[in-house]
Amino acid sequence: MSSTWSPTVRRRMFCLFLAGGLAVGMAACGSGSGEGTGTGGKVKITVTGQPPTSQPFERGVFDADVKEFEESHPDIDIEPHEGFMDPKTFSAKLAGGQLEDVYYVYFTDPAQIIARRQAADITEAAKGLKNFDDIKPELLANFRDSSGKLYGLPTMNYSMGLLYSRPLFQKAGLDPNKPPQTWDEVRAAARKIAALGNGTVGYADYSKNNQGGWHLTGWLYSMGSEVAHKDGEKWVAAFNNDKAKAALNQLRAMRWEDDTMGSKQLLEAQDVQRMMGAGQLGMYMAAPDNVPVLVKQFNGKYEDYGVAGMPGGQGTLLGGEGYMINPKASPEKVEAGLEWVRWKYLNPERFEKHVQQYVDGKQPVGLPAEPTPDVWQGAVRDQQLAIKTKHANVPAENYQSYVDAGARIKGSIEPPNAQQVYAILDSVMQAVLTDRNANVDQQLSSAESKVNSVLAQVK
């Protein structure tokens, strides 16, 4: 799919459309067959995740992996289905019994899917998976129910950081190898960058299409606050506090007192990426997968960008994706499906080969993103980083601050009913960035009431 959005932002918008869809049509679903074998005694499984033909490199890697997997697992037959989490068809597939045996989900989805019993319990089956204990437990937690049972595996994750322009840092007299570590340092750097003139913006942020609420959540996590927490058996809003007020007052000060955020507001991802690609923006909150977008779609250069850990260091917004198993799948299909997910996505033995595929395809290697997602901990994570460094064809040192922060900053997943919550928080961001006299206390109180109504729907 060709898009000016980064994969991260596409995930946000897919989830926006999906949010309503998961609430309906969640009747029993299946692959249409509980049989465990296909032709010739093989176990045949249907899987999602095959990239579209409009992404020839990614499609080629996926299809080559299917062929290699089937050769090394002659008792398993893979039937790949194009697509990921398609909001136009997902609800219909759930209701119509056409859900694949192994299906792709965003981190915002598992809780609702588990509650509606639309995924197989893989707790026991996953225990025998190689390197299972090397996966970050906080990512696995996203696929567990309240009793600790496991219903899926994470295969990709991202966390937010600070993406910045190294050339503008240099022009403003800032050290690009020492990016800001606090929001006060971000504010000070934004002043120096904006002082360069010629329409240069020091810091920009999103404020519409649910992206503003998403980024405000990132701000809150970075300052040690929450958006929601569980009070007994129910979820309640948790952001109407001094930390949230400090975050919003900082944004307001940067916008109105410092004039470092530019006069144009109501921005979304494409607007901000365009500004950064044009060399007119100093910093914005983003995950590292924004960097290839800036290069490929906005004429940027890899050497011009750096990514730092989330300012404040008290937390970061964690998102990602993974795979779950159809609840009607036979034990044989569950076992085969888990082996496919492990072999393709969670396989340290294939790190080197997978990275080499990207090198050969002239794709970026060295970013803290694809081709080897940061789902690992301990020695396996070290192994992964060493292989990426060995084959790096982009300046990996530009992202070292982000990599270092990832080992120490707490990552928190998105709140329940995230897209509905973000839509409400959009209005808070918009008020602060478009109205000099916006009352932060009133904005938070109003949003708190609305978010509590949304969270009351969470089961």
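Below, each value reflects all heavy atoms present in this structure, side chains not excepted, and no hydrogens, waters or symmetry copies.
- Residues passing the salt bridge (Lys or Arg N to Asp or Glu O under 4.0 Å) test with Glu339, sequence neighbours excluded: Arg342.
- Here Met160 contributes atom CE and Ser222 contributes atom OG; the two are 10.5 Å apart, rounded to the nearest 0.5 Å.
- A side-chain N or O of Asp360 and one of Gln356 form a donor-acceptor pair less than 3.5 Å apart.
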Kindly list each side-chain donor-acceptor pair under 3.5 angstrom involving residues 299-314, sequence neighbours excluded, with atom names and distances?
none

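- Residues meeting the ring pair (Phe, Tyr, Trp, His ring centres under 6.0 Å) test with His391, sequence neighbours left out: none.
- Applying the salt bridge (charged side-chain N to carboxylate O under 4.0 Å, His left out) test to every pair with at least one member in residues 201-217, sequence neighbours left out, gives these pairs: Lys208-Glu268.
- Side chains of Ser147 and Asp145: a donor-acceptor N/O pair is present below 3.5 angstrom, by distance only.
- Contact annotation: the side chain of Met156 never approaches that of Tyr345 to less than 4.5 Å [non-hydrogen atoms, C-beta and beyond].
- Shown here is Lys136, whose NZ atom has more than 12 heavy atoms of other residues, nucleotides or ligands within 6.0 Å.
- Taking the six-membered ring where the residue is Trp, Trp340 and Trp343 present parallel rings, their angle staying beneath 30° rather than reaching 60°.
- Pairs engaging residues 126-145 under the ring-ring contact (aromatic ring centres under 6.0 Å, His included) rule: Phe107-Phe143 [sequence neighbours left out].
- Taking Asp242 as the reference, nothing meets the salt bridge (Lys or Arg N to Asp or Glu O under 4.0 Å) condition, with sequence neighbours excluded.
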Donor-acceptor contacts under 3.5 Å from residues 402-412 side chains, at least two apart:
unit_1: Tyr402; atom_1: OH; unit_2: Ser159; atom_2: N; d: 3.4
unit_1: Tyr402; atom_1: OH; unit_2: Ser159; atom_2: O; d: 2.8
unit_1: Tyr402; atom_1: OH; unit_2: Ser159; atom_2: OG; d: 2.9
unit_1: Asp404; atom_1: OD1; unit_2: Gln400; atom_2: NE2; d: 2.8
unit_1: Arg408; atom_1: NH1; unit_2: Asp404; atom_2: O; d: 3.4

Next item on the list: Quick one: do Glu68 and Arg350 satisfy salt bridge (Lys or Arg N to Asp or Glu O under 4.0 Å)? Show the steps, please.
Entry: CA-CA 12 Å; Glu68 183 181 345; Arg350 297 186 75 244; 3.4 Å; yes

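- Side chains of Asp184 and Gln250 form a contact here, defined as non-hydrogen atoms less than 4.5 Å apart.
- For Lys264, there are no salt bridge (Lys or Arg N to Asp or Glu O under 4.0 Å) partners, not counting sequence neighbours.
- Side-chain atoms of Thr434 come within 3.5 Å of backbone atoms of Gln430 as a donor-acceptor pair (strictly under, hydrogens ignored).
- Residue pairs meeting the ring-ring contact (aromatic ring centres under 6.0 Å, His included) criterion with at least one member in residues 238-297, sequence neighbours excluded, do not occur.
- Between atom CD of residue Gln273 and atom CG of residue Leu163 there is a gap of 9.0 Å, rounded to the nearest 0.5 Å.
- Pairs passing the salt bridge (charged side-chain N to carboxylate O under 4.0 Å, His left out) check and including a residue from residues 417-445, sequence neighbours excluded, read Lys245-Asp441.
- Lys192 pairs by the salt bridge (Lys or Arg N to Asp or Glu O under 4.0 Å) definition with nothing, not counting sequence neighbours.
- Note on ring orientation: taking the six-membered ring where Trp is involved, the planes of Trp214 and Tyr206 are tilted (angle from 30° to 60°).
- By the neighbour-count criterion of 12 heavy atoms within 6.0 Å, atom CD of Gln280 is densely surrounded, having more than that number from other residues, nucleotides or ligands.
- Under the 4.5 Å side-chain criterion, counting only non-hydrogen atoms from C-beta, Gln457 is in contact with Gln420.
- For residues 123-134, every residue pair satisfying the salt bridge (charged side-chain N to carboxylate O under 4.0 Å, His left out) rule, not counting sequence neighbours, is listed here: Glu124-Lys127, Lys130-Glu349.
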